[in-house]
There are 2 protein chains.
Amino acid sequence: MATTTERESRAEARRRYDAFLAECPSRQLLSRISDKWVALVLAALGGDGPAPGGDCGGEPRPLRYSELARRLSGVSQKMLTQTLRALERDGLVTRTVTPTVPVTVTYELTELGLSLHQLLGQVKAWAEAHMDEVLANRAAYDARAAGGPTS
Amino acid sequence: MATTTERESRAEARRRYDAFLAECPSRQLLSRISDKWVALVLAALGGDGPAPGGDCGGEPRPLRYSELARRLSGVSQKMLTQTLRALERDGLVTRTVTPTVPVTVTYELTELGLSLHQLLGQVKAWAEAHMDEVLANRAAYDARAAGGPTS
DNA sequence: CAGGATCCAGTAGGATACTG
DNA sequence: CAGTATCCTACTGGATCCTG
């Protein structure tokens, strides 16, 4: 009987510090922006593209659902819809439904979403600035680990 | 026979655009810093604490493994070790082993890690600055969704 | 004390099919 | 075209045991 209860009590114990962590608002925002597709959707709506040398191009402008799906190539519509709804809920994007014959829905960055996009640009800049260092450190670490220090 | 092959081919097909996304270095860094515990470890080593009103306090200083585990309360040693190793590999923290009688290991932020910590501070600042807006938007959205617009 | 190895649950996320 | 619902897989991440 008590076998499953142990599991449950442990799960409940987890909730306590989990809630403690979830209390911090910045943690919530961090987990929101750190989402895999959020950054890409923001980048797409902001006119920025993930691929640094090609199709992506332009300035911030509203995009249709299908356009977003095309820009983000391999995203499932589940994730795209889910991400867009979350961003809309937080007021980072606006969803505009135009009742044409086939329904047209456009998404656009709000001021708030635009500011977050700017911030992500800073993160991107940091990453690009220090990527070589990180890569070098990583290579050195791997070489050290792979039988290097034996001789 | 071919039943499993379909699955495999689909999984392989996924790899292609997955690799395309993984090519972008900033994406790698983004997923690195967006890791749940990375931010907390960085914050702990940087002297910052997740809980805004209590024990956490101090300036950037080296911490022992057990100290980190204590500061981050409910982290499993698997995640802590994993996170620390990843950060060490990227050159964001240094791992110092002191061969005392019980082995003592201390972790410290590098210059690079410190700069990332600064950046995360900016993210945190943004989150704190705009959290009320986000929360308001979220509440409004939820109210609208929960039978609000019927009347 | 610091951490490696292993097992296992929870969940994020993708494929598919269907609706308005 | 835009979106929802369902199923299912794979990965993340925690607990536990064990070693230098």
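Just so it is clear: chains get the letters A, B, ... in the order the sequence lines come, proteins before strands, and each one is counted from 1.
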>> Using a strict heavy-atom distance below 4.0 Å, which residues from residues 81-91 of chain B are in contact with DNA chain C?
In response: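 Contacting residues: Thr81(B), Arg85(B).
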Proximal nucleotide (of [options]) relative to the [X] side chain:
{"X": "Thr104(A)", "options": "dA2(D), dC1(C), dG14(C)", "result": "dA2(D)"}
{"X": "Lys78(A)", "options": "dC7(C), dG3(D), dG13(C)", "result": "dG13(C)"}
{"X": "Arg64(B)", "options": "dA2(C), dG3(D), dA2(D)", "result": "dA2(C)"}
{"X": "Pro102(A)", "options": "dA2(D), dC1(D), dA2(C)", "result": "dC1(D)"}
{"X": "Ser76(B)", "options": "dA15(D), dG3(D), dG20(D)", "result": "dA15(D)"}

>> Less than 4.0 angstrom between a side-chain N/O of Tyr65(B) and OP1 or OP2 of dG4(C), yes or no?
In response: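 So the side chain of Tyr65(B) is outside the cut-off, no N or O lying under 4.0 Å from OP1 or OP2 of dG4(C).
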> Counting only side-chain N and O atoms of Ser66(A), is one of them less than 4.0 Å from OP1 or OP2 of dA2(D)?
Replying inline: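 Affirmative; the distance criterion is met.
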>> More than 12 heavy atoms of other residues, nucleotides or ligands under 6.0 Å from CZ of Arg138(B): yes or no?
In response: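 Yes, enclosed.
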Between atom [atom1] in [X] and atom [atom2] in [N], what is the gap in whole Å?
{"X": "Leu80(A)", "N": "dG3(D)", "atom1": "CG", "atom2": "C1'", "value": "10 Å"}
{"X": "Gln77(A)", "N": "dT6(D)", "atom1": "CD", "atom2": "P", "value": "15 Å"}
{"X": "Leu72(A)", "N": "dA2(D)", "atom1": "CG", "atom2": "P", "value": "14 Å"}
{"X": "Leu63(B)", "N": "dC1(C)", "atom1": "CG", "atom2": "C1'", "value": "15 Å"}
{"X": "Met79(A)", "N": "dT11(C)", "atom1": "CE", "atom2": "P", "value": "15 Å"}
{"X": "Asp35(B)", "N": "dA12(C)", "atom1": "CG", "atom2": "C1'", "value": "15 Å"}
{"X": "Trp37(A)", "N": "dA12(C)", "atom1": "CH2", "atom2": "C1'", "value": "13 Å"}
{"X": "Leu68(B)", "N": "dC1(C)", "atom1": "CG", "atom2": "P", "value": "14 Å"}

> Do the non-hydrogen side-chain atoms of Leu92(A) and Leu109(A) ever get within less than 4.5 Å of each other?
Replying inline: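 No, their side chains stay 4.5 Å or more apart.
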>> Strictly distance-based, threshold 3.5 Å: is any side-chain N or O of Thr81(A) a donor or acceptor partner for the main-chain N or O of Lys78(A)?
In response: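 Here the side-chain-to-backbone pair does not exist.
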>> Checking side-chain polar atoms at under 3.5 Å, does Tyr65(B) have a donor or acceptor matched by the opposite partner on Thr106(B)?
In response: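 There is no such pair (donor and acceptor under 3.5 Å, judged by atom type) between the side chains of Tyr65(B) and Thr106(B).
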Euclidean distance, [Y] [atom2] relative to [X] [atom1], rounded to 0.5 Å:
{"X": "Arg89(B)", "Y": "Arg144(A)", "atom1": "CZ", "atom2": "CZ", "result": "11.5 Å"}
{"X": "Ser76(B)", "Y": "Gln82(B)", "atom1": "OG", "atom2": "CD", "result": "8.5 Å"}
{"X": "Arg85(A)", "Y": "Asp90(A)", "atom1": "CZ", "atom2": "CG", "result": "12.5 Å"}

